[in-house]
2 protein chains.
Amino acid sequence: MILIQTFQKFFYQFLMLYRPFENRLNILLGEHGLYRAQWTVLYYLANFGPSTPVELANYQSVEKPTMTRTIHRLKELEYLETIPTKDKREKKMQLTALGKKVYEDVRVSIDEFEQDILEGISEEEQLKAIQIMKAIQQNILK
Amino acid sequence: MILIQTFQKFFYQFLMLYRPFENRLNILLGEHGLYRAQWTVLYYLANFGPSTPVELANYQSVEKPTMTRTIHRLKELEYLETIPTKDKREKKMQLTALGKKVYEDVRVSIDEFEQDILEGISEEEQLKAIQIMKAIQQNILK
DNA sequence: TGAATTAGTTACCGAAGCTAACTATTTTTC
DNA sequence: GAAAAATAGTTAGCTTCGGTAACTAATTCA
């Protein structure tokens with residue numbers, strides 16, 4: 001008789017939630033010509049202000065070349081622009097006016113989607129879950 | 001003044017946890033010559049018993065061709081075998097003895113990893129989080 | 001029994017990870 | 001202050017793992 005342990009179930013459920021979430025997210029973003037990786041960059045810049053590729057890459061746990069590519073696509077779309085800094089190696093990025101507008105537009109659809117699938121989960125529960133996920137993330141990164 | 005709403009934070013944190021988790025998982029699995037997609041199939045068969053590719057694909061929210069490929073790789077490794085059924089279209093899969101052994105071996109490493117990164121999260125909190133993730137998954141799939 | 005459905009496959013494409021190796025700056029060290 | 005080390009970013013090339021379209025073989029339905 002095999003007993004599935006709680007911690008095993010936890011991560012299995014985590015993976016099982018990720019796939020359908022990303023699927024629906026990509027369909028939604030696709031309507032605006034965007035993908036998940038691009039969206040997370042827009043989100044970061046909109047909420048945390050101008051950043052360099054290295055900051056973005058570290059924050060999102062991807063390698064620099066991955067971030068370079070994502071940023072170049074967003075630049076082609078003219079959603080991002082570089083702002084000069086003292087350090088000439090750095091390329092600090094910020095949203096253009098167009099980028100901000102697109103972010104706000106997409107935000108409306110995503111809000112609707114996210115609120116919809118959080119149906120039945122109280123704000124208190126959401127906050128608790130955020131706290132747990134943050135703690136795990138920190139355990140992984142430390 | 002912009003206020004980030006709780007539901008936005010929830011999914012942002014969800015995505016932020018996924019990347020480093022998958023990174024570490026893939027490194028761990030890599031030591032055993034496996035990848036995430038393969039691992040989730042082994043997990044399913046070990047815990048839920050023999051299944052068809054369609055069952056696996058539906059359960060994991062991927063398309064049939066994606067599952068075909070993952071299964072073929074696991075078959076090349078001789079971790080899976082087909083068991084005959086009445087319906088000759090079906091290819092019901094189960095773990096071979098080798099597959100079971102590999103699953104158990106990898107399970108030990110993964111257990112250690114998962115318990116490690118759940119440090120500080122009580123079982124009660126884990127159960128609550130599982131329940132929340134399941135509810136969201138069902139909201140997405142319905 | 002003929003039509004529709006279902007299981008599985010093949011071929012092909014794309015997003016988004018990765019490493020290795022490079023250039024151009026900046027910082028550190030002696 | 002010059003040489004060495006470190007850091008930011010890029011390019012090239014690879015892999016995993018998603019997807020769709022189109023197909024065959026078997027089963028179910030009308």
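Here the structure is a predicted model, which is why all the values come from computation and not from measurement.
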Residues from [range] sitting under 4.0 Å of DNA chain D, heavy atoms only?
range: residues 53-66 of chain A; answer: A:Pro53, A:Val54, A:Lys64, A:Pro65
range: residues 80-90 of chain A; answer: A:Arg89, A:Glu90
range: residues 14-38 of chain B; answer: B:Tyr35, B:Arg36, B:Ala37

Report all interatomic pairs (protein N or O, nucleotide N or O of nucleotides 2-5 of chain D) with separations under 3.5 Å.
none

Looking at [X] and [Y], what are the two nearest heavy atoms and their distance?
X: A:Tyr18; Y: A:Arg36; answer: OH-NE, 3.3 Å
X: A:Val41; Y: A:Met67; answer: CG2-SD, 3.7 Å
X: A:Phe7; Y: B:Asp111; answer: CE1-OD1, 3.3 Å

Can you find a heavy atom in the side chain of [X] that is under 4.5 Å from one in the side chain of [Y]?
X: A:Ile71; Y: A:Leu56; result: yes
X: A:Leu34; Y: A:Leu74; result: yes
X: B:Leu80; Y: B:Leu95; result: yes
X: A:Val102; Y: A:His32; result: no

Output a table of donor-acceptor pairs, distance under 3.5 Å, between side-chain atoms of residues 129-142 of chain B and any protein atom two or more places apart or on a different chain; print 'none' if there are none.
from	atom 1	to	atom 2	distance (Å)
B:Gln137	OE1	A:Gln13	NE2	2.7
B:Asn139	ND2	A:Ile117	O	2.9
B:Asn139	ND2	A:Glu119	O	3.0

Inset, instruction - Select base, sugar-phosphate, or nothing to describe what A:Thr70 touches, counting heavy atoms under 4.0 Å on all strands. - result: nothing

In whole angstrom, give the distance that lies between atom [atom1] of [X] and atom [atom2] of [N].
X: B:Trp39; N: D:dC17; atom1: CH2; atom2: C1'; answer: 19 Å
X: A:Lys92; N: D:dT7; atom1: NZ; atom2: C1'; answer: 15 Å
X: B:Arg69; N: D:dT20; atom1: CZ; atom2: P; answer: 13 Å

Inset, instruction - Look at the aromatic rings of A:Phe11 and A:Phe14 and report parallel, tilted or perpendicular, splitting at 30° and 60°. - result: perpendicular

Inset, instruction - Kindly write out the residues that satisfy side chain to side chain donor-acceptor pair (under 3.5 Å) with B:Asp105, not counting sequence neighbours, or none if the list is empty. - result: B:Lys101

Legend entry - Qualifying residues under side chain to side chain donor-acceptor pair (under 3.5 Å), relative to B:Ser51, sequence neighbours excluded: none

Inset, instruction - Any pair with a residue in residues 59-80 of chain A that passes salt bridge (charged side-chain N to carboxylate O under 4.0 Å, His left out), sequence neighbours left out, goes on the list, sorted by first then second residue, please. - result: none

Legend entry - Interface limits on DNA chain C, where chain B has a heavy atom under 4.0 Å of a nucleotide atom: C:dT6 to C:dC18

Inset, instruction - For the residue pair B:Thr6 and A:Gln126, confirm or rule out a side-chain donor-acceptor distance under 3.5 Å. - result: no

Legend entry - Under 3.5 Å side-chain donor-acceptor pair for B:Gln60 and B:Thr40: yes

Legend entry - All pairs passing ring pair (Phe, Tyr, Trp, His ring centres under 6.0 Å) where residues 68-115 of chain B contributes a residue, at least two apart: B:Phe21-B:Phe113, B:Trp39-B:Tyr103

Legend entry - Lys/Arg N to Asp/Glu carboxylate O, A:Glu114 vs A:Arg107, below 4.0 Å: yes

Legend entry - Helix axis bend for the helix from C:dT1-D:dA30 to C:dC30-D:dG1 - C1'-based end axes, five pairs, 10° rounding: 30°

Inset, instruction - For B:Glu90, check side-chain contact (heavy atoms from CB on, under 4.5 Å) against everything at least two apart and list the hits. - result: B:Thr52, B:Thr85, B:Asp87

Legend entry - Other residues, nucleotides, ligands: >12 heavy atoms within 6.0 Å of A:Glu124 CD: no

